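Shown next, in structure tokens, is the structure this report addresses.
Keep in mind the model is a prediction, meaning the values are calculated, not measured. Letters A, B, ... are given to chains in the order of the sequence lines, protein chains preceding strands, and every chain is numbered from 1.
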Amino acid sequence: MIVGARQGKLSGLRQLVAKAMARDLTGFLVPGIDIAHARGLDVEAAGVRLVASPRHASVLLVVGDISPALRNAAAVIYAQMARPRALLVLGTDDLSPLPSADVTAELSQPGLIDGIAQLRIAFAEGAFRPEVTDFDAPMLHVRVEYTCPMHPEVVQDEPGSCPKCGMTLEPREASANDVDSHPHETHDHGSHSHQHEANDHQSMDHAASEEYTCPMHPEVVQSEPGSCPKCGMTLEPRKAKASKAHDHASTDQSDMNHGDMDHGDMDHGDMDHSGMDHSGMDHGDMDHGDMDHGDDAFMSMIDVTKDLPRSSDGLPMDWIDVPFGPFFPGLPSGLLLTLTLDGDTVAGSNAGTLTDNVTLPHRSALEPLSFVARLSNMEPLAPLAYHFLASQAMENAAGIDITTTAAHGRIGALERERITSHLGWLALFGQQMGFDWLLRRAATMQLKFRYANDQQIMALKPDLASLIKRLRRTPLLKSRNAGIGRLAQDNALRGPVARAVGIDNDARSTNPVYTALGFKAISRDSGDSMARLQVRLDELSQSLALIDAAGTIELPEPTAIGSATGAGEAFVETPRGAAHLYLTLEKGLVVTAQLETPSTHHLTLIDTLTKQQSLGDALLAVGSLDLSPWEIRQ
Amino acid sequence: MTPELFPALITGAALFGIGIYGALSQTNLVMLLMGVELILAGAMVNLVAFWHYLHPDTPAGQMFVLIVMTVMAVEMAVGFGVAIARFRAIGSVEMEEAAELKG
Amino acid sequence: MTTALILLLLAVGAYLVAVIEAWTMNGRWQLAAPITAGIALLGRESIVPRKPDRVFFEVAPVLLLISALLAATVLPLTPGLIITDLATGVLFINAALVYVLVALLMAGWGPNGAYAMIGGWRFLGQLIAYAMLIVMPVTAVAMRAESLLTTQIVTSQADLWNILYQPLGFVLFFVAAMALAFLPPFDLTTATSELAGGVEAEYSGVRLAVFRLGRLVLVITLAATIVVFYLGGWQGPWLPPWAWSAIKILAVTALMLLAGPALPRVREADLLSLCWKLGIPLALLNIFVVGLQVLVWP
Amino acid sequence: MAMISAQTFFISFFGLAAVWFGIVVFRTHSMMRSALALLFSQTAIGAMFIGMQAEFLGVLQIMMMATEMSIMAIFMVMFMMDPGGLGKMDMTHQKRRSVITGLVAFLAIVAVALFTNWGTLAGSVPDSAQQIEDLGLELMGRSMLIFETAGLTLLTAMIAATAVAVEPLKRNRN
């Protein structure tokens with residue numbers, strides 16, 4: 001809801017400011033610009049300036065249905081936005097934990113324009129509304145815990161001093177245990193880590209033995225009571241920590257951050273020491289008297305740094321975990337990428353998707369039509385490809401042959417989708433590279449191609465050619481991409497990514513209808529980001545030629561499979577690579593299905609692609625893969 | 001007694017004193033360098049004051065300040081070079097942990 | 001009086017920069033947009049992130065604005081229109097502009113966020129490299145004028161503008177000015193797709209407005225600097241001096257802003273190696289060549 | 001007279017600022033603040049130079065120190081155990097002795113400053129443009145050798161520092 005930044009009456013000056021705010025709408029898109037384009041929305045043309053940081057946004061724009069995990073992340077984004085802020089929702093009504101929408105509209109460009117018009121009115125009237133309500137959601141709650149700046153493994157609920165070094169513990173915020181928790185807990189156990197952590201500590205405390213230490217000289221530790229050899233004070237009992245490297249890998253508060261672009265709750269101290277967590281370092285031995293150099297309560301820097309990971313340049317540095325996604329500009333929306341940064345270099349990564357896994361029937365019956373719908377709704381970036389995949393597998397299972405004309409129609413539609421998908425990727429990649437022209441141009445073209453019939457597509461041919469020509473001549477593009485994200489030949493690669501390494505992995509090559517149309521797979525061999533870009537550019541022209549050869553574009557028709565029983569499989573070359581579906585039919589119902597998607601394979605590449613790259617290169621390498629988090633199956 | 005000189009000279013003296021304190025008391029090499037920078041800054045203030053109040057016609061006074069600035073830059077460059085090397089070697093730039101550098 | 005006039009002109013200049021920037025992005029002339037955007041920012045909440053270094057967080061945007069304004073004080077727009085014609089004018093511009101770095105480091109450290117901090121440190125590397133490319137070409141300019149006075153630099157170009165006298169220096173200075181103003185394709189410190197806004201990411205409301213204004217003023221100041229150093233300042237036939245200054249400054253601004261959307265962002269490694277391995281040797285060569293020219297045609 | 005007192009005020013003000021920031025350098029726990037306090041101390045000194053009509057030196061000081069201290073800042077953050085200053089750790093040793101030495105040094109210099117007869121004050125200072133010209137002629141004339149030596153020293157120091165700092169040999173790391 002629109003919440004007044006400053007309460008009070010709507011005076012003349014305020015009216016002016018509110019009008020200005022209504023005219024200058026800045027939006028943060030959830031789940032992202034790629035989905036908006038794929039759904040045919042041009043947000044900038046509708047009058048909302050898109051921004052990268054939630055702090056700069058006044059409108060949170062939610063496009064379509066999103067998974068609960070993404071909604072949680074969106075709620076964190078919403079909480080970071082400066083007031084007055086508003087929520088514009090297109091085509092969905094399930095929003096929890098977000099507050100109710102200020103404006104709801106249907107998921108289409110006219111709907112968007114209409115929604116924005118309403119939003120402007122709402123802003124002009126409500127920006128200084130007297131009644132101010134706060135947005136509150138469970139995942140925003142912070143629990144204050146106390147930790148030692150030097151010993152991040154020391155975490156407790158009450159203030160006090162560090163049992164290891166005697167320093168005063170610093171408060172820091174940890175997120176409350178999420179109520180929701182993500183249904184598939186593969187990406188990060190952030191929401192539970194604090195629980196684990198607390199448990200760890202408790203259990204360890206119970207297990208720990210008693211030892212005695214001097215309050216002034218923490219390095220003095222002995223197992224019997226007595227007095228300190230240095231100052232003569234009576235030693236105090238304390239619980240000894242077992243010096244086992246327990247894993248605090250996710251002590252870092254970034255669990256709250258996956259969603260958000262903010263990192264608000266890191267503080268400098270933690271930030272610079274959070275790297276220690278990763279090495280599973282134990283400071284236990286510090287207590288145990290290998291500190292022969294201490295004359296005062298002295299903190300050895302050697303001990304602090306000796307277990308830090310070494311960067312590629314050999315300097316031990318603190319590493320920080322920084323979340324990129326799920327709404328990070330330039331990355332596929334829904335992709336949660338956490339990079340461990342060593343300065344500007346990526347030391348490690350953790351990638352996953354926050355989208356829902358679509359459930360496939362497994363020994364349960366499902367209507368063929370709803371099976372097809374479920375599969376094609378899964379992937380907003382390439383719905384037709386999955387539609388055809390499902391239809392083809394069912395036809396194979398039922399033993400139905402389709403006519404060549406119908407096959408040509410499908411090829412036309414599939415290739416058109418490939419063009420739109422590649423153009424969408426180009427737009428996103430342009431955003432990633434900071435290449436604004438490409439973002440705008442490719443997005444405009446994508447919207448034009450989306451529902452174009454074959455004549456319109458042929459009319460668009462020169463535009464596409466000039467886009468490709470301009471790209472090939474752009475200075476700096478080569479130096480930005482050549483040698484970045486180089487991949488070796490690997491059987492796990494699919495689609496353009498595989499063809500850029502020189503593997504002829506294309507489901508179309510084995511399809512007789514395609515070969516009859518003169519299809520020949522494109523390939524490059526350098527395997528870097530540039531090669532992937534070139535393969536996709538070549539495929540744009542190739543798809544145009546295929547549409548030309550096929551001559552028709554036919555939207556998917558539901559195939560009647562009657563009450564057939566049998567098993568069948570299908571390969572379809574989606575824009576991201578070959579997808580494979582195996583299913584069994586029983587009396588006209590789908591009872592079992594197994595789906596294999598290209599992005600699932602590619603997700604595992606991220607770690608090798610990003611390691612020891614500079615941040616910009618690492619993100620570009622991830623971007624060049626053209627992942628679709630929506631089809632990733634975990 | 002030349003009262004006109006006092007503000008500058010006392011500032012120079014104070015900076016020098018703070019610099020001495022810093023250079024002696026800090027345990028970290030980088031902080032120690034900061035102390036040295038302050039000592040040199042104190043010297044520069046005095047040089048400029050003398051030039052301005054006593055010998056404004058001699059450019060050599062200004063020249064000397066330029067040399068001090070060079071020395072500051074040299075000190076920084078060498079200091080950081082040493083700091084990086086030590087940090088790489090033993091992971092510390094703490095003076096307490098530089099026992100092998102003791103004369 | 002002069003000060004007030006120049007401040008007014010800078011404000012107008014900043015507005016025009018914003019208009020031109022929007023035009024280079026989306027090809028439309030939106031004359032009211034910068035003003036509404038500014039007013040809207042003033043009305044919005046200005047969030048202080050959790051556990052900031054409050055001093056740095058507050059000071060950074062103001063320091064950015066001030067350093068850009070200070071650099072503008074020694075730039076002559078017409079023969080008399082200059083706030084202070086310092087004998088060390090050229091050096092003073094450099095000194096003022098270096099504080100852009102300090103401001104961005106503060107903005108990086110202050111808000112206590114990883115993106116901002118990386119952005120701040122990135123700019124440190126960028127500016128230390130490109131400050132060389134500011135200082136060294138300017139040395140050659142001062143050599144020709146035999147003075148550090150900015151007015152004298154303008155008059156020294158009466159016969160031949162420096163862009164023709166030392167084209168290499170112009171190119172280097174132009175690139176360095178873009179890097180200094182972190183304009184795309186050198187916007188590594190505020191990169192949206194790498195750092196979600198970088199040093200700007202945590203600013204909102206009034207503070208963001210000041211930060212953006214500071215940057216706009218920085219761009220117009222740098223454009224004016226280029227005009228004074230290389231394009232003969234206010235000089236030109238037919239039109240009055242103020243008109244020439246205005247035309248040249250706006251043209252240079254447009255040129256600086258046009259490159260952004262048409263090019264992908266430079267890789268950080270390339271950015272630094274370009275400067276150290278190519279830019280600085282070229283700048284030395286430029287000084288050498290200009291030295292020869294000054295000797296041959298006194 | 002009013003003119004002179006304005007100048008004295010200017011110098012004293014920036015002198016106090018320089019000293020104040022100099023103290024902050026060693027008082028704050030945040031390394032970033034420490035480095036930037038040193039920067040502002042140096043900038044105030046630059047302003048003092050300008051107050052003492054050494055315009056060139058003042059501007060040069062302000063310019064050089066900004067970059068120098070920014071580099072200092074990144075090293076501080078790199079090489080400190082607790083750069084954010086959250087732990088309030090004590091990073092000093094032999095504190096008493098240092099304070100006493102510092103105080104003694106300060107008092108001794110002040111005493112010298114106060115009780116020495118510095119001779120008569122010279123007349124007016126040449127204007128800045130003249131100064132720059134004189135300084136340039138000095139650098140390129142009588143003091144050329146010194147200047148060249150300084151430059152060469154700087155170059156040597158830079159190369160030596162880089163040589164010390166770069167990684168010795170590519171060892172086999174995991």
Side-chain angles (χ1 to χ4, degrees), chain A residues 5-6 14 16-21 23-24 26 44 49 51-53 55-56 58 80 82-84 127-128 172-173 261-268 271 320 322 328-331 341 343-344 430-438 440 474-477 479-481 484 614-617 619 623, chain C residues 22 24-27 32-47 49-53 109 111-118 121-122 125 184-185 187-188 190-198 200-205 208 260-270 274:
Chain A
R6 291 163 178 81
R14 286 205 171 114
L16 183 77
V17 173
K19 264 186 198 151
M21 282 193 274
R23 286 192 59 175
D24 182 68
T26 45
E44 300 244 321
R49 212 147 40 83
V51 291
S53 165
R55 300 266 193 232
H56 304 169
S58 57
Q80 288 173 36
R83 290 172 294 186
F128 289 93
R172 73 167 184 204
E173 287 128 4
M261 332 246 333
D262 156 87
H263 21 82
D265 44 2
M266 286 186 180
D267 50 276
H268 292 139
M271 185 180 278
I320 50 174
V322 184
F328 202 81
L331 286 179
L341 289 181
D344 206 2
Q431 189 183 29
Q432 169 102 76
M433 290 191 293
F435 188 0
D436 221 63
W437 176 83
L438 181 58
R440 282 163 203 281
T474 301
L476 289 177
L477 190 70
S479 73
R480 184 95 168 95
N481 283 290
I484 305 299
S614 73
L615 176 61
D617 292 353
L619 290 175
Chain C
T24 58
M25 299 289 268
N26 55 25
I35 294 173
T36 40
I39 296 175
L41 274 182
L42 294 183
R44 294 165 60 71
E45 194 177 29
S46 187
I47 298 171
R50 260 178 270 177
K51 291 197 185 164
D53 192 321
W109 182 264
N112 183 14
Y115 300 129
M117 191 159 88
I118 296 170
W121 294 133
R122 275 182 168 190
D187 59 339
L188 286 120
T190 51
T192 46
S193 56
E194 289 171 26
L195 298 172
E200 266 187 18
E202 296 291 345
Y203 282 98
S204 51
L208 182 65
L263 290 175
R265 188 178 302 119
V266 184
R267 282 179 66 210
E268 197 186 14
D270 289 350
L274 263 181

I'd like to know if the side chain of C:R267 reaches the main chain of A:G616, judged simply by a donor and an acceptor atom lying under 3.5 Å from each other, with no hydrogens or angles considered.
no
Out of C:A262, C:A269, C:S204, C:A33, which one racks up the most heavy-atom pairs below 4.5 Å with chain A?
C:A262
Would the distance check show the side chain of C:R265 and the main-chain N or O of A:R480 forming a donor-acceptor pair, the cut-off being under 3.5 Å?
no
Would you compute the distance between atom CG of A:D24 and atom CD1 of C:I35 and round it to the nearest 0.5 angstrom?
12.0 Å
Of the listed residues (A:S614, A:S58, A:G430), which shares the most heavy-atom pairs with chain C below a 4.5 Å separation?
A:S58
Can you measure from CE (C:M25) to CZ (A:R440) and round to the nearest 0.5 angstrom?
5.5 Å
Do you know which two heavy atoms are closest between C:A201 and A:S53, and how far apart they sit?
O-OG, 2.8 Å
Quick check on the interface: out of C:D187, C:I39, C:T24, who has the most heavy-atom pairs with chain A under 4.5 Å?
C:I39
Between the CG atom in A:L16 and the CG atom in C:L42, the distance rounded to the nearest 0.5 Å is 10.5 Å
Closest non-hydrogen atoms of C:P264 and A:L476, given as atom of the first, atom of the second and distance, are O-CD1, 3.7 Å
With a 4.5 angstrom heavy-atom cut-off, is it the side chain or the backbone of C:L263 that approaches chain A, or both, or neither?
both
Atom pair CE/CG of A:M21 and C:L41 - distance to nearest 0.5 Å
10.0 Å
Is C:L195 in contact with chain A via its backbone, its side chain, both, or neither, using a 4.5 Å heavy-atom distance?
both
Which bit of A:L477 is near chain C, if near means a heavy-atom gap under 4.5 Å: side chain, backbone, both or neither?
both
If I measure from the heavy atoms of chain C, does A:S479 come under 4.5 Å with its side chain, its backbone, both, or neither?
both
Between the side chain of A:H56 and the main-chain N/O of C:L208, is any donor-acceptor distance below 3.5 Å?
no
Name the region of A:I484, side chain, backbone, both or neither, that has any atom closer than 4.5 Å to a heavy atom of chain C.
side chain
